[in-house]
Amino acid sequence: MQGRIVKVAGPLIVAENMKDARMFDVVRVGELGLIGEIIELRGDRASIEVYEETAGLGVGDIVVSTNQPLSVELAPGLISGIFDGIQRPLDKLVEKYGNRISRGITIDNIDKTKKWEFIPTAKVGDVIETGDELGYVEETAVVRHAILVPQGVSGRVKSINHGQYNVLETICVVETKDGDRDVCMLQKWPVRRARKYKEKLSPDKPMVTGQRVIDTLFPISKGGCAAVPGPFGSGKTVVQHQLAKWADAEIIVYVGCGERGNEMTDVLNEFPALKDPKSGEPLMKRTVLIANTSDMPVAAREASIYTGITIAEYFRDMGYSVAIMADSTSRWAEALREVSGRLEEMPGDEGYPAYLSSRLAEFYERAGIVKCLGSKERIGSVTAIGAVSPPGGDLSEPVAQATLRIVKVFWGLSASLAYKRHFPAIDWLVSYSLYADKMADWYRENVAEDYPDLRLFAMSVLQEEASLEEIVRLVGMDSLSYRDRITMETAKMIREDYLHQNAFHEIDTFTTLLKQYKMLKIINAFYTHANQAIDNFAELDEVLTVPAIEKIGRAKYCEEKDIETLDQILTDLIAQLKQVARGDKEDV
């Protein structure tokens with residue numbers, strides 16, 4: 001089916017004679033065959049979002065529909081890849097066309113010639129259904145890439161092969177009620193349609209990140225959704241990089257959506273050099289990168305989010321725990337705003353389209369922990385973490401507000417903390433996690449019985465410090481009672497010795513839950529026994545100068561193999577504070 005252009009408005013064109021076209025079909029535009037997608041139909045006229053520079057297009061140029069929706073190719077070859085917003089492999093584009101990528105080029109999203117060693121797990125005669133595993137490919141040293149029965153296929157295995165095959169060659173023949181069906185390793189899936197599953201489960205297990213402020217105060221569950229809003233320079237990208245490096249997700253999908261190119265360059269330089277703490281292999285061997293930076297086409301920015309979440313769902317269906325980082329959804333929303341404006345739609349707040357909230361919800365609701373399709377039970381999860389970049393850090397703007405109504409975890413970044421060099425700059429007074437109470441039983445069973453109580457202790461001390469700071473500003477620290485001074489000192493320990501974390505320090509960059517628990521228990525012991533000493537009429541200076549206090553600040557640099565050292569610090573601290581309470585000054 002062919003149509004012709006009647007209007008060109010930046011990344012948006014209007015074509016007529018498109019009455020047989022369907023919404024979200026991919027089209028080729030002009031002599032160069034630029035890639036576009038139909039986003040509106042009115043009679044025989046189609047509004048088309050073009051994912052490449054539209055300079056040179058004019059009225060009368062031909063538009064050809066492919067009659068296929070915008071889809072991603074799913075097969076071995078995704079891991080370690082870096083793709084643009086519509087899944088074109090950037091490394092292959094550079095090899096073929098150089099640093100300046102030409103328009104209208106056609107290149108395979110997945111390498112169709114590379115041979116993979118396919119190892120079958122199904123046998124001839126097995127009865128199979130959608131989602132069952134036929135076999136696997138060792139894609140990297142850490143990713144076992146399962147080849148699953150594609151959607152709509154079920155029956156009996158007639159033949160299955162073992163050996164070296166590319167993604168287009170037949171690896172299995174399935175005898176179905178409609179006849180024999182050849183199955184290869186390549187699947188295609190429309191990016192705007194969520195992949196199917198059996199059942200969505202309630203998220204009740206944390207995704208451990210090794211970042212103390214997150215794991216202790218504002219945890220996120222596997223299959224949960226989180227937003228990281230903050231002004232420029234407050235560390236949104238640093239937080240997402242840390243999560244990508246250390247979160248206990250088996251697959252990472254990192255979507256650089258409209259951010260600066262140097263940030264994606266940092267990812268590309270860092271990740272191959274970083275070692276996966278579990279396997280010792282480079283982190284890139286379990287990572288997929290989608291790069292659609294600020295100098296790339298605006299329209300493709302809108303597609304990049306869907307490309308990333310579809311790839312995440314594909315690995316989820318294999319039973320993997322997947323984390324997708326979207327940096328940033330504000331840039332994605334700006335692409336929506338630009339296209340909506342060119343469609344002459346009725347604008348909502350600040351010019352954003354009225355359907356902004358529903359589009360954001362469509363993305364985040366594709367996260368979750370699910371029972372995957374297939375006759376054998378598999379549990380997979382997609383955890384979505386989106387950065388939000390409100391102008392000037394104003395959380396009342398539409399994208400931040402729409403996101404807050406959807407997500408269950410809010411890590412609000414503070415410019416003032418960032419300027420004080422406190423990282424992660426997550427403001428404990430405005431952030432929250434709605435998963436914390438639901439996961440309390442897991443923490444009691446897997447870390448310690450009193451872990452949730454220590455979390456509440458830390459939160460209450462920090463909130464009490466905030467209220468006492470008003471008094472300190474007015475009349476000074478000396479006006480506070482001794483108990484309030486202990487509270488302020490404890491809050492300082494929580495802030496500086498516990499929540500502050502150095503991403504570039506070999507030991508401090510990641511902290512296990514057990515070490516977090518022991519560190520917090522030491523601070524809790526100081527608070528409890530220091531107050532007991534004050535109640536026994538000990539002098540404040542004596543309490544604050546016991547030798548063990550110096551070791552609290554160094555606890556974060558204790559290696560995991562020497563974690564018993566923290567138990568000794570706790571024992572010494574309690575003993576010394578008890579001696580002060582009894583008045584045994586000479587023995588301290």
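Scope of the values below: all heavy atoms of this structure, side chains included, with no hydrogens, waters or symmetry mates.
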- prompt: Between the side chains of Ser202 and Asp204, does any donor sit under 3.5 Å from an acceptor?
  reply: no
message: Once you measure the plane-to-plane angle for Tyr443 and Tyr451, does it fall in the parallel (<30°), tilted (30-60°) or perpendicular (>60°) bin?
response: parallel
field: N/O donor-acceptor pair under 3.5 Å between Ser358 side chain and Tyr355 backbone
entry: yes
- request: For the pair His422 and Trp428, evaluate ring pair (Phe, Tyr, Trp, His ring centres under 6.0 Å) and give the outcome as yes or no after the intermediate values.
  value: CA-CA 12 Å; His422 180 108; Trp428 46 85; 5.6 Å; yes
query: Strictly by modelled atom types, are Arg212 and Thr511 linked by a side-chain donor-acceptor pair under 3.5 Å?
result: yes
- prompt: Is Glu338 salt-bridged to Arg342, going by a charged N under 4.0 Å from an acidic O?
  reply: yes
message: Would the distance check show the side chain of Ser340 and the main-chain N or O of Glu345 forming a donor-acceptor pair, the cut-off being under 3.5 Å?
response: no
field: Approximate separation, where rounding is to 0.5 Å, of Ser71 OG and Ile86 CD1
entry: 12.0 Å
task: Check whether the side chains of Thr216 and Tyr498 place a donor and an acceptor atom closer than 3.5 Å, and report yes or no.
output: yes
query: Is the gap between the ring centers of His145 and Tyr314 under 6.0 Å?
result: yes
- prompt: Given the rule in the side-chain hydrogen bond (donor to acceptor under 3.5 Å, both in side chains) test, do Asp215 and Gln516 qualify, once you have shown the distances and angles that lead to the verdict?
  reply: CA-CA 9 Å; Asp215 290 344; Gln516 292 182 40; 3.1 Å; yes
field: OG-CD distance between Ser304 and Gln87, expressed to the nearest 0.5 angstrom
entry: 12.5 Å
field: Modelled atom types, side-chain donor and acceptor of Thr209 and Gln242, under 3.5 Å
entry: no
query: Where is the tightest heavy-atom contact between Lys556 and Ile507, given as atom of each residue plus distance?
result: O-CG2, 3.9 Å
task: State whether Glu40 and Arg42 are salt-bridged, where the test is any N-O pair (Lys NZ or Arg NE/NH1/NH2 against Asp/Glu carboxylate O) under 4.0 Å.
output: yes
- prompt: Is the side chain of Arg337 donor-acceptor paired with the backbone N or O of Glu350 at a distance under 3.5 Å, no angle test?
  reply: yes
query: Have Ser357 and Arg405 got a donor and an acceptor in their side chains that come within less than 3.5 Å?
result: yes
message: Please check: side-chain N/O of Ser433 versus main-chain N/O of Pro219, any donor-acceptor pairing under 3.5 Å?
response: yes
